[in-house]
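See below for the structure under consideration.
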Amino acid sequence: KENGDYIRSRQGQRVARKEIEKWLGFNLPIGCVVHHEDSDCNNNVLINLFIFPSQSEHIKYHHAKRNGEAVLPYKELHELPDKLQEWFNV
């Protein structure tokens, strides 16, 4: 899409990714998807951001969320490095 919502959304994803990477101290592996739990792509506060190992896992989460069955891949940000190790051996 070329409308303003798409461009804003993509920019929010880029900013969110940089925020997570700054906190981690290294770049996220290719394929990771940054998720905004409150659905606001402009809210890049770390407690609002979650990482999924792939777009397919991210989509599964959204489908489960609609059914009230969603479970985030981790509960606290400090768990993210262990999850990345589990998913990607980084």
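Residues passing the side-chain contact (heavy atoms from CB on, under 4.5 Å) test with H63 are I59, R66, sequence neighbours excluded. With sequence neighbours excluded, no residue forms a salt bridge (Lys or Arg N to Asp or Glu O under 4.0 Å) with K18. With sequence neighbours left out, E19 forms a salt bridge (Lys or Arg N to Asp or Glu O under 4.0 Å) with K22. Partners of E86 by side-chain contact (heavy atoms from CB on, under 4.5 Å), not counting sequence neighbours, listed by chain and number: K83. A search for side chain to side chain donor-acceptor pair (under 3.5 Å) contacts involving D38 returns N43, N48, not counting sequence neighbours.
Between atom CH2 of residue W23 and atom CG of residue L46 there is a gap of 8.0 Å, rounded to the nearest 0.5 Å. From I20, atom CD1 reaches atom CG of L77 across 5.5 Å, with rounding to the nearest 0.5 Å. Note that the CD atom of E79 and the CZ atom of F50 stand 9.0 Å from one another [nearest 0.5 Å].
Of all heavy-atom pairs between H36 and C41, the closest is NE2-O, 3.5 Å. Among all heavy-atom pairs drawn from S54 and V33, the shortest one is C-CG2, 3.7 Å. Closest heavy-atom contact between E21 and L28: OE2-N, 2.9 Å.
Under the 4.5 Å side-chain contact rule for hydrophobic residues, F26 and F52 share a cluster.
Listed by chain and number, the hydrophobic cluster partners of I47 are V45, where partners are ILVMFWY side chains within reach of under 4.5 Å, directly or through others.
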- Could you check E37 against Y61 for side chain to side chain contact (heavy atoms under 4.5 Å, CB included), going step by step and ending with a plain yes or no? CA-CA 11 Å; E37 182 58 17; Y61 173 78; 2.8 Å; yes

- In sequence, state the C-alpha distance, the side-chain angles, and the governing distance for V15 and N42, and then conclude on side chain to side chain contact (heavy atoms under 4.5 Å, CB included). CA-CA 8 Å; V15 170; N42 294 310; over 6 Å; no

- Task: Kindly determine whether E57 and H35 satisfy side chain to side chain contact (heavy atoms under 4.5 Å, CB included), including the steps that lead there.
- Result: CA-CA 11 Å; E57 291 299 316; H35 168 78; over 6 Å; no

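Within the 4.5 Å cutoff, no side-chain heavy atoms of P29 are placed close to those of W87.
Within the 3.5 Å criterion, the main-chain N or O of P81 finds no donor-acceptor partner in the side chain of Y74.
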